[in-house]
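Below you'll find the structure, written out as structure tokens, and then a few comments.
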Amino acid sequence: MDYGVSTFVTDDGIGPAALGRALEERGLGSLFLAEHSHIPVERTSPWPGGDELPRHYYRTFDPFVALAAAAAVTERLRVGTGIALVVQRDPIHLAKEVATLDRVSNGRAVLGVGAGWNREEMRNHGTDPTTRMRLLRERVLAIKALWTQDEAEFHGEFVDFGPVFSYPKPVRTPHPPVLVGGAGPTTFDRVLDFGDGWMPLYGRGTDNLPARITELRERANRPMQVTMFGVPPEPEIVAELAAAGVDEALFNLPTQSELESLRRLDRFAELI
């Protein structure tokens with residue numbers, strides 16, 4: 001099993017370049033960053049993690065800018081989103097951002113995707129929460145077309161454009177892997193439809209994990225990556241995930257000062 005980190009990079013904590021260097025120095029293989037464009041002051045959407053939304057949700061950096069900074073100072077570290085809110089992003093711009101990240105990192109980009117939970121945030125981007133899953137599907141499929149076709153086009157319910165030139169193309173062949181977040185009853189349908197792997201959050205719908213991973217891989221007609229993010233750094237949990245067939249565990253790194261972050265990363269390194 002591979003190991004990495006999932007976190008929120010903000011102006012309150014360690015910077016992305018310092019974090020990237022520290023991860024690679026300690027033998028951790030990847031950095032996955034969360035995304036929120038903003039948080040509306042008046043919000044009725046419940047946060048799945050509890051009653052009070054933590055401060056780092058309000059202050060998180062743009063993930064692709066931060067990942068580019070981490071990629072620039074590392075050689076092997078995989079850089080990805082956990083997760084990118086595709087329903088709040090223009091797919092043509094997003095295709096270019098990820099392909100550019102893949103170019104500047106020499107093929108180390110990973111796109112973790114999801115539809116999100118904050119309905120007020122979505123609405124500020126012009127997204128109807130009731131159709132966000134269909135929108136997610138079309139935007140991911142359009143992005144894959146832009147990555148892989150010289151004269152790309154897409155015609156759907158929400159995304160519609162004629163033949164276009166879109167460059168750069170990614171380094172990775174056929175494209176950076178797309179990992180689909182979530183663990184609901186229809187998540188596997190999305191993974192199999194437009195994903196290259198599954199990326200659930202530890203502790204949210206991940207009960208009976210060995211059976212669920214077996215089900216996913218039996219339904220797939222291709223290799224299926226399973227990356228678990230938000231993993232507590234505890235030996236028994238690591239052993240549980242490895243036995244279940246998880247390919248990559250991303251330890252949850254709280255948003256803290258550089259010194260505190262480095263101390264925590266030292267403990268991650270000892271664990272692996």
Side-chain angles (χ1 to χ4, degrees), residues 1-9 16 19-20 22-35 63 66-67 70-71 74-84 98 101-102 105-114 140 170-173 175-183 187-188 190-192 194-217 220 222-254 264-265 267-272:
M1 190 165 65
D2 294 326
Y3 301 94
V5 157
S6 56
T7 190
F8 289 73
V9 169
L19 177 56
L23 290 170
E24 193 159 89
E25 288 168 357
R26 287 160 177 78
L28 290 151
S30 58
L31 172 62
F32 280 75
L33 299 185
E35 173 175 43
L67 291 170
T74 56
E75 297 180 355
R76 300 175 304 279
L77 190 74
R78 295 182 303 280
V79 287
T81 50
I83 55 172
V98 180
L101 178 63
D102 202 52
S105 67
N106 195 28
R108 291 182 277 144
V110 182
L111 180 61
V113 304
V140 171
V171 173
R172 189 87 66 98
T173 302
H175 52 69
V178 174
L179 306 181
V180 179
T187 297
F188 285 176
R190 290 189 287 277
V191 174
L192 297 169
F194 57 82
D196 305 297
W198 181 36
M199 190 178 186
L201 175 61
Y202 183 84
R204 293 191 193 171
T206 56
D207 298 335
N208 199 19
L209 191 59
R212 297 207 68 190
I213 292 176
T214 298
E215 175 195 349
L216 174 63
R217 289 178 171 152
R222 59 192 189 278
M224 193 56 62
Q225 168 82 14
V226 177
T227 293
M228 181 77 67
F229 75 108
V231 174
E234 301 174 13
E236 61 274 17
I237 292 176
V238 171
E240 164 199 323
L241 297 181
V246 171
D247 297 295
E248 183 175 31
L250 306 176
F251 297 126
N252 177 54
L253 179 67
R264 194 173 292 265
L265 292 179
R267 293 197 290 274
F268 294 173
E270 292 173 1
L271 178 60
I272 67 174

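Counting begins at 1 with the first residue of the sequence. Since this is a predicted model, take the numbers as computed values, not measurements.
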Assert yes or no for the condition that the ring centre distance of F268 to F251 is strictly below 6.0 Å. yes
Does R78 form a salt bridge (charged side-chain N to carboxylate O under 4.0 Å, His left out) with E248? I'd like the steps, not just the answer. CA-CA 12 Å; R78 295 182 303 280; E248 183 175 31; 2.6 Å; yes
Is the shortest heavy-atom distance from the side chain of V79 to the side chain of F32 under 4.5 Å? no
Quiz question: by atom type and distance under 3.5 Å, do the side chains of R212 and T206 form a donor-acceptor pair? no
With heavy-atom distances below 4.5 Å as the criterion, would you say the side chains of Y3 and R26 are in contact? no
So do the side chains of L265 and L19 get within less than 4.5 Å of each other, counting heavy atoms only? yes
Could you tell me which non-hydrogen atom of P63 sits nearest to which non-hydrogen atom of T81, and how far apart they are? CB-CG2, 4.0 Å
Carefully, step by step, assess L250 and M228 under the rule side-chain contact (heavy atoms from CB on, under 4.5 Å). CA-CA 6 Å; L250 306 176; M228 181 77 67; over 6 Å; no
Checking side-chain contact (heavy atoms from CB on, under 4.5 Å) for the pair I237/Y202: CA distance, chi angles, key distance, verdict? CA-CA 10 Å; I237 292 176; Y202 183 84; 3.7 Å; yes
Could you give the distance from CG (L192) to CG (L216), rounded to the nearest 0.5 Å? 5.5 Å
Count the heavy atoms belonging to other residues, nucleotides or ligands that lie under 6.0 Å from CD of E236, then report whether that count exceeds 12. yes
Between M199, Q225, R172, which is the residue that forms a side-chain contact (heavy atoms from CB on, under 4.5 Å) with P177? R172
Determine whether V113 and L179 make a side-chain contact, defined as any pair of heavy atoms from C-beta on separated by less than 4.5 Å. no
For L241 and L209, the nearest pair of non-hydrogen atoms, with its separation, is CD2-CD2, 3.6 Å
When W198 is tested against each of T227, V246, V226 for side-chain contact (heavy atoms from CB on, under 4.5 Å), which residue passes? V226
Which heavy atom of D247 sits nearest a heavy atom of M224, and at what distance? OD2-O, 3.7 Å
For G205 and A183, which heavy atoms make the closest approach, and how far apart are they? O-CB, 3.5 Å
Below 4.5 Å, heavy atoms only, C-beta onward: do V178 and V110 meet side chain to side chain? no
Hey, is the main chain of S30 close enough, under 3.5 Å, to the side chain of R76 for a donor-acceptor pair? no
With heavy-atom distances below 4.5 Å as the criterion, would you say the side chains of R108 and T74 are in contact? yes
Nearest 0.5 Å please: distance from the CG atom of L201 over to the CD1 atom of I83. 9.5 Å
Do L28 and I272 make a side-chain contact, defined as non-hydrogen atoms from C-beta onward lying under 4.5 Å apart? yes
Considering non-hydrogen atoms only, spot the tightest contact between P176 and D196 and give its length. O-OD2, 4.1 Å
Is it true that a side-chain atom of R217 and a backbone atom of G245 form a donor plus acceptor pair closer than 3.5 Å? yes
Closest heavy-atom pair and its distance - V98, A109: O-CB, 4.2 Å
A side-chain contact here means heavy atoms from C-beta on lying under 4.5 Å apart; do L23 and V5 qualify? yes
